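No experiment lies behind these values; they were computed from the predicted model shown. Residue numbering restarts at 1 for every chain, and letters A, B, ... go by the order of the sequence lines.
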There are 2 protein chains.
Amino acid sequence: MSTPASSINESNDPPFARPTMQDVANAAGVSLKTVSRVVNNEPRVDDRTRERVHQAIAQLGFRRNDIARSLRQGQASSTIGLIIEDIANPFYSSIARGLERVAQKYNYMLIISNSEENALRERELVNALLSRRVEGLCIVPAGSDHSYLSAELRMGTPFIFLDRPPMQLQTDTIVLDNRGGTRQAIKHLLSYGHRRIAVIQGDPRVYTGAERIAGYYETLAEHGIPCDETLIYSNCDDARQAQQATHTLMNLPQPPSAIFSTSNRISIAVLRALRSYTFQPAFVGFDDFDLADMLPVPVTVIAHDPAEMGARAGEILFARLAGSNVPVQQTIVPTQLIVRGSGELRPSQA
Amino acid sequence: MSTPASSINESNDPPFARPTMQDVANAAGVSLKTVSRVVNNEPRVDDRTRERVHQAIAQLGFRRNDIARSLRQGQASSTIGLIIEDIANPFYSSIARGLERVAQKYNYMLIISNSEENALRERELVNALLSRRVEGLCIVPAGSDHSYLSAELRMGTPFIFLDRPPMQLQTDTIVLDNRGGTRQAIKHLLSYGHRRIAVIQGDPRVYTGAERIAGYYETLAEHGIPCDETLIYSNCDDARQAQQATHTLMNLPQPPSAIFSTSNRISIAVLRALRSYTFQPAFVGFDDFDLADMLPVPVTVIAHDPAEMGARAGEILFARLAGSNVPVQQTIVPTQLIVRGSGELRPSQA
DNA sequence: TTGTAGGCGTTATCAC
DNA sequence: GTGATAACGCCTACAA
């Protein structure tokens with residue numbers, strides 16, 4: 001009933017309409033502009049007027065409409081966006097947390113969306129967020145061509161790419177030291193006498209995968225170790241495939257003396273599969289994970305700090321929003337070998 | 001240069017201004033309204049006109065401003081909010097994922113914010129989100145008085161409370177079967193002959209904590225087992241305190257034969273502390289956690305499905321948005337005992 | 001100290 | 001089919 005000319009009044013429409021500044025102004029007997037001044041804590045308002053307005057606000061339950069505000073003010077939505085693959089994955093949720101902390105510091109809200117590793121959906125999400133006028137966007141890209149962002153980039157919207165660089169686009173990027181981390185792992189295993197080091201990896205065409213496997217090849221080559229391709233299993237992001245690969249490896253006439261896994265999810269699947277063998281190969285995994293230190297053989301890993309990645313992305317983003325014009329930067333976040341036991345087993349048939 | 005009367009042109013202002021429908025209209029030689037029609041896929045537009053407009057849109061890099069759109073359309077921001085304690089906690093990130101899936105289904109965006117268990121911050125976030133005109137809000141409450149939401153609730157904004165009910169407010173709520181789950185755990189331990197069952201818990205004044213410890217007391221009472229208060233340790237959400245409590249318990253003249261922990265974080269701390277003892281008490285924890293099955297003694301837990309909680313919250317929220325007027329509902333999500341080994345150890349001094 | 005006029009970018013209404 | 005005009009709720013600029 002309170003909404004003047006709405007459709008036939010269904011019984012569920014709200015009994016109280018949302019008040020506007022004009023409503024508050026009417027209730028307080030002042031002009032709309034005075035209410036605006038009070039709401040925004042502007043100085044030149046009589047204390048008694050201010051008080052009356054505050055009462056009207058409280059009584060009506062008025063709440064400033066930030067949508068209208070940001071429309072008038074230009075592009076100040078005070079919102080940034082984050083696109084990741086899956087918030088339920090601890091790697092991404094840590095990134096989100098790091099970024100949110102920074103956003104909070106600058107009094108910004110964060111909209112998080114999951115691309116589910118789908119390039120098309122990523123693009124839809126980017127468009128939806130830009131249409132909502134987020135002021136900047138952090139993206140863990142799933143797609144392989146980001147040239148569609150170039151117009152938006154020229155208009156001043158900052159984009160920060162996380163974990164993987166953009167393709168066909170020049171913008172700030174934060175990646176792990178994928179190659180260096182893998183080199184650490186492989187050198188570590190070599191130093192314990194391993195020569196047959198298997199790799200169970202995800203998709204080697206994805207940036208992180210390509211870097212990691214390149215680190216493996218490089219390190220073997222530098223040490224003059226011939227590479228046995230039968231020890232390399234790809235596309236094992238799925239737990240089932242990783243376990244299958246582990247079983248295949250362990251049943252080779254000459255099984256590997258060590259296994260390197262390129263991600264935490266693969267690591268866990270591999271370790272699960274290894275439980276059924278008495279002979280335990282040495283093991284090092286890329287990415288740390290909860291309880292790695294609590295397993296029967298504590299797990300040696302290449303660790304890094306995803307929350308730090310998120311936080312750095314945020315700082316770069318806000319620097320850009322503040323007008324920073326420094327050249328596009330690529331930040332490389334270091335990795336760290338954490339020695340726990342599984343990586344220090346020696347080859348039995350040395 | 002392109003912005004007419006802005007302040008002195010600093011070198012970093014965007015070289016291209018963001019085009020509006022009017023710009024597109026000028027470029028295409030049509031009226032603004034026609035552009036609007038094309039953008040919104042309205043039917044009565046000549047195909048040739050439509051084509052010209054599309055070209056202008058592509059050429060200028062036009063993107064509809066959803067802020068202006070939703071201002072004009074009333075309250076259709078197509079955005080909902082979620083307030084949790086910490087997105088880096090798997091319990092909450094799973095909730096977020098479940099909710100986001102539903103939001104996605106209805107073509108809504110999700111804004112996630114972390115209250116950090118701070119009632120004041122929770123309230124600030126609620127206000128910020130409502131000012132941004134989210135159409136509904138899911139909250140894992142940190143505060144202890146939500147009457148401040150009643151005006152907003154009357155205006156039709158749906159609020160769904162997750163994991164803990166609201167205080168001083170009647171609205172839809174989704175909680176775990178905290179009491180029932182704890183009863184399952186304690187009965188399970190009793191059935192294996194345990195009579196001295198310690199509890200390491202968080203804050204017993206928080207709703208979930210209160211329900212869980214009540215389930216413990218209840219079950220002991222029903223079985224005629226006297227309750228030994230020296231076996232109950234509270235406020236152990238911090239890992240250090242949980243470990244300390246474990247050590248104290250294990251060094252009692254007569255240590256407990258079983259330990260029940262009220263959350264996954266506590267469980268992990270307790271299990272870490274237990275590693276230094278040869279005698280292993282039976283153990284059951286509330287909440288499942290990754291790798292619980294991989295520990296030297298696989299961990300028996302009371303499991304549940306946080307993503308399902310998030311999804312259900314979402315469905316109720318969207319039902320409310322669609323006008324559902326059914327009475328306020330409290331949904332109780334069931335828990336499940338997962339038997340893995342640690343809960344099936346028998347008391348040694350039986 | 002307070003108020004008026006105009007516009008932010010879009011959609012709704014109604015005329016052509 | 002297409003276009004002028006008036007909102008949406010707020011803020012900026014300027015006037016009183």
Original post:
Hey, are A/T79 and B/R132 close enough side-chain-wise for a donor-acceptor pair under 3.5 Å?
Top reply: yes
Rounded to the Å, how far apart are [X] [atom1] and [N] [atom2]?
| X | N | atom1 | atom2 | result |
| --- | --- | --- | --- | --- |
| B/Q22 | D/dG3 | CD | P | 11 Å |
| A/R18 | D/dC10 | CZ | P | 11 Å |
| B/I67 | D/dC8 | CD1 | C1' | 13 Å |

Of the candidate nucleotides [options], which contains the atom at the shortest distance from the side chain of [X]?
| X | options | value |
| --- | --- | --- |
| B/F62 | D/dC10, C/dT2, C/dT10 | C/dT10 |
| A/R72 | D/dT2, C/dG7, D/dG3 | C/dG7 |
| B/L71 | C/dG9, D/dC10, C/dT11 | C/dG9 |
| B/Q73 | D/dG9, C/dA12, D/dA13 | C/dA12 |
| A/R44 | C/dC14, D/dA13, C/dT2 | C/dT2 |
| B/S36 | C/dT11, D/dC10, D/dC11 | C/dT11 |

Pick base, sugar-phosphate or nothing for [X], based on heavy-atom distances below 4.0 Å to the nucleic acid.
| X | result |
| --- | --- |
| A/V30 | sugar-phosphate |
| A/D66 | nothing |
| B/R69 | sugar-phosphate |

**OP:** Might you work through the salt bridge (charged side-chain N to carboxylate O under 4.0 Å, His left out) test for A/R97 and B/E116, ending with a clear yes or no?
**Re:** CA-CA 11 Å; A/R97 190 72 185 94; B/E116 295 170 347; 2.8 Å; yes
Original post:
Should B/D66 and A/R133 count as an ion pair when the cut-off is N to O under 4.0 Å?
Top reply: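 Answer for the salt bridge query: no.
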Original post:
5'-most contact on DNA chain D: A/A68 or B/T34, nearest heavy atom basis?
Top reply: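 Its nearest nucleotide being more 5', the pick is B/T34.
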Original post:
ring pair (Phe, Tyr, Trp, His ring centres under 6.0 Å) between A/H146 and A/F159: does it pass, once the steps are laid out?
Top reply: CA-CA 11 Å; A/H146 297 95; A/F159 295 94; 9.4 Å; no
